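All remarks here apply to the structure that follows.
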Amino acid sequence: MKSRLPFISLFICLVVSLNAQTSSQSQSQDDQTVKLDAFVVSDSLDVAREGIVPSLGATSYEIGKMQLDAESLGGNGSFNEILLRVPSVAEDSFGQVHLRGEHADLQYRINDVLLPEGISGFGQELDIPFIKSAAILTGSLPAQYGYRTAGVVDIHTESGSTDFKGSINTFVGSHDTLKFTATGGSQNGQFGGFTTLSTETNNLGIENPEPTKEAVHDKTNQIKFFTNLYYVINSTSRLSFMLSDSTATFQIPNSANQTQGYTLKNIPLFNSLNLNENQAEFNDYAILAYQKSSGDFNFQASLFTRYSLTHFTPDTVGDLIFNGVASEVHQDLISNGLELDSKWDINTNHTLRFGTFLSSQNANTKTNTAVFPTDDNGDQTSTTAFWIQDSHHRLGWLIGTYIQDEWKLPNNITVNGGLRFDTSHGALNESQVSPRINTVWQAQNDLSIHLGYARYFTPPAIELVDTPTLAKYTNTTNASEVLTNSAIASERSNYLDFGLTKQLTPTLSLEWDSYLKKATHLLDEGQFGQAVVFNAFNYTYGEIYGSEISLNYTTKKLTAYLNAAEGRAYGKNISSGQFEFDQATLNYAANHQIALDHEQSLTLSGGLSYHFTHDLLYLDSLYGSGLRSGFANTDHLAPYYPVNVGYEHTLNLNHKRSVSIRLDIVNLFDEVYTLRDGSGIGVFAPQYGARRGFFASVNYSY
């Protein structure tokens, strides 16, 4: 932490210097304005900040506070549950979601600042109570968006108000669920902020590997903290600080009647229900941002730092008996960097945007693996295990810069052309110049048509690059059938997107979109061992395409939506991380275009909610045609369609205080459905969707 202080101090000095130069002559007048209108100034700066990084032709799906409340479990649910109500989002195990046939590849932005990446795990550090609104951008993204390009999750947080506001929420229900959440925010003079704190425990931390109502050994404990503080310097500038901490522990759930595959000295029998594997996850980040809005020129500069850790501890005895391998895995990642985004309104029809991004990632992986010795045929030669230690350190850099030009042409046509240059120093040293162009035609007041092209450059997340010392495991139960481990390359792709938005009636709107992506070095991820950590690999060639449609009906009291999406995702020839696979899979992938394991050909989501004066009633459902399974992903799982319902009543105590009582039923008809069956590329164990659950919450707002 000490090493970062000079960097942050220099940033603060620069902010002060810029401010002094632009406001010294009218400081007393500005100070008076701030004292009287600080809240208004903060709102106007929010609007100006949105203009710096708009969607500009990308496909955008907006999620407001009302919709957040009208989904399954509302503010007590997982943020991923909200994402599942977006077209072309498929549900996966371990809380993962896949947008438009991509494996993860999402970037998250909070208040228009890129959230530095952490290690993927089970925990969700994004807590719904601090979210004011969210938008999911996908398709042909403008030039300011780089690296993770399947979609942008753009989150705007709650902020302070002229009067203090807060809430206390208690949430209980099935699977021994108990959650407490407290929020609070206000603005006093030039200072303001909003803070959330939540603690949760339940017995369904990870998907159940069996179709039973309750999992065995699946408890989780989670604590999440987030604060957004800001200081309005004067009528044109603001300093913001965001801090987040998320700590979670998970038991790895057990399956009954597993077959013992190996013999351990002095342990003749072991019940698989008594396995005791665990995982701990820690995620912390801090973001300091300075925003200046001065006439035709606006910019936001930010510094960020993040620490992320995942620690998997095996059941040494049980894992050796069932798998022949017991591996303790410790991964940590430290990210630091800066981001600058600027906007210059040259005239009413011409806007120039430019910026830069720089980040460093310091990744460490340490493994301590217990194995049995084997002969050349792979047969166990001793019942006494021994330990092999391995560790790897990787330092990576990402540097990117962009410029884009927005022109408003006659006939209500807007053209936004841009250019990015990115360089990545990680698994390999690579770079790319990426052109982008989007055209939006407002054909009628109620009809908008867009067409876009983007060249994308996606480096692998450095913490997912697995480089074990394969020779250490020769003649052990952890030996790889294949010893090749080619370096993982950055994905390079061409992306086309075409769509329209039509207001069919004053209350009914339609959005339709289609897309095509052709990639070289297509990136994918998988879990290749009992340790629940993911590793990246490449296909030499990939193709993803599909189409989606969304209908939204909104009146003062009734809202309803229906999303439908069909897509395909293929890869050919596994060209890196080959040691993770058996030779038969590599041979098949070399000669066939195979479906990616996370492809779901048909996805539907729908829901409706009715807002009474003091009551809310909702119903929603998801449909998935099933993810891929079987040898080389040649099969797929059965479709599923769980239904959720809920009711909320609000009692107003006075104009500032209220109590809300909410009841939710998840999977109303107790459908048994499979997310994963343990087969397919990069899939280790089965996971089933949650069975029927009953939940209740009481929320006191003041």
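Keep in mind that what you see is a predicted model, and the values were worked out from it rather than measured. Counting begins at 1 with the first residue of the sequence. Quick note: numbers below take in every heavy atom, side chains included, and nothing from hydrogens, waters or symmetry partners.
Aromatic rings from Tyr147 and Tyr145 are positioned such that their centres are separated by 6.0 Å or more. Ring centroids of Phe581 and Phe528 are separated by less than 6.0 Å, placing the two rings close together.
Interatomic distance, CZ of Phe79 versus OH of Tyr108, reported as 6.5 Å (0.5 Å rounding). Rounding to the nearest 0.5 angstrom, the gap separating the CZ atom in Phe372 from the OG1 atom in Thr384 is 8.0 Å. Thr674 contributes atom OG1, which lies 10.5 Å from atom OH of Tyr640 (distance to the nearest 0.5 angstrom).
Counting only N and O atoms by type, the side chains of Ser601 and Ser625 include a donor and acceptor under 3.5 Å apart. A donor-acceptor contact closer than 3.5 angstrom is absent between the side chains of Glu463 and Gln361. Side-chain contact check for Thr212 and Glu210: no donor-acceptor pair (N or O, by modelled atom type) lies under 3.5 Å. A donor and an acceptor atom, one from each side chain of Ser605 and Asn563, are located under 3.5 Å apart. Side-chain N/O atoms of Gln279 and Glu281 include a donor and acceptor closer than 3.5 Å. Residues Ser576 and Asn538 bring a donor and an acceptor atom of their side chains to less than 3.5 Å of each other. Under 3.5 Å, the side chains of Asn438 and His450 contain no donor-acceptor pair of N or O atoms. Side chains of Asp332 and Tyr307: no donor on one and acceptor on the other come within 3.5 Å. For the residue pair Ser93 and Gln687, a side-chain donor N or O sits within less than 3.5 Å of a side-chain acceptor on the partner. When only modelled atom types and interatomic distance are considered, Arg492 and Gln432 share a side-chain donor-acceptor pair under 3.5 Å. One side chain, Asp513 or Thr59, offers a donor N or O that lies under 3.5 Å from an acceptor on the other. Tyr61 and Glu548 form a side-chain donor-acceptor contact under 3.5 Å, judged by distance and modelled atom types alone. With no hydrogens or angles considered, a side-chain donor-acceptor pair links Ser327 and Thr369 at under 3.5 Å. At a cut-off of 3.5 Å, with distance as the only test, a side-chain donor of His311 or Glu328 sits close to an acceptor on the other residue. In the model, Asp315 has no side-chain atom that pairs as donor or acceptor with a side-chain atom of Asn276 under 3.5 Å.
The heavy-atom pair separating Gly526 from Phe537 by the smallest distance is N-CE2, 4.3 Å. Pairing each heavy atom of Pro211 with each of Val672, the nearest pair is CB-CG1, 3.6 Å. Pairing each heavy atom of Asp105 with each of Thr458, the nearest pair is OD1-CG2, 3.6 Å. The two residues Glu102 and Ala150 make their nearest non-hydrogen contact at CG-CB, 3.4 Å. Taking both residues in full, the closest heavy atoms of Ser575 and Thr540 are given as CB-OG1, 3.4 Å, listed atom of the first, atom of the second, then distance. Nearest heavy atom pair, residue Leu596 against residue Leu522, reads CD1-CD2, 3.8 Å.
Using a distance-only test at 3.5 Å, with no hydrogens or angles considered, no donor-acceptor pair links the side chain of Ser514 to the main chain of Gly546. Looking at Arg394, its side chain never comes within 3.5 Å of a backbone N or O of Ala427 through a donor-acceptor pair.
For the salt bridge (charged side-chain N to carboxylate O under 4.0 Å, His left out) test with Glu599, the passing option among Arg100, Arg628, Arg568 is Arg628; the others fail.
A salt bridge does not link Arg676 with Glu207: every distance from a Lys NZ or Arg NE/NH1/NH2 to an Asp or Glu carboxylate oxygen is 4.0 Å or more.
Residue-environment remark: CG (Asp376) stays at or below the threshold of 12 foreign heavy atoms within 6.0 Å. Atom CG of Asn429 has more than 12 heavy atoms from other residues, nucleotides or ligands within 6.0 Å. The neighbour count for His330 NE2, taken as heavy atoms of other residues, nucleotides or ligands under 6.0 Å away, is above 12. Within 6.0 Å of the CZ atom in Phe386, the count of heavy atoms belonging to other residues, nucleotides or ligands exceeds 12.
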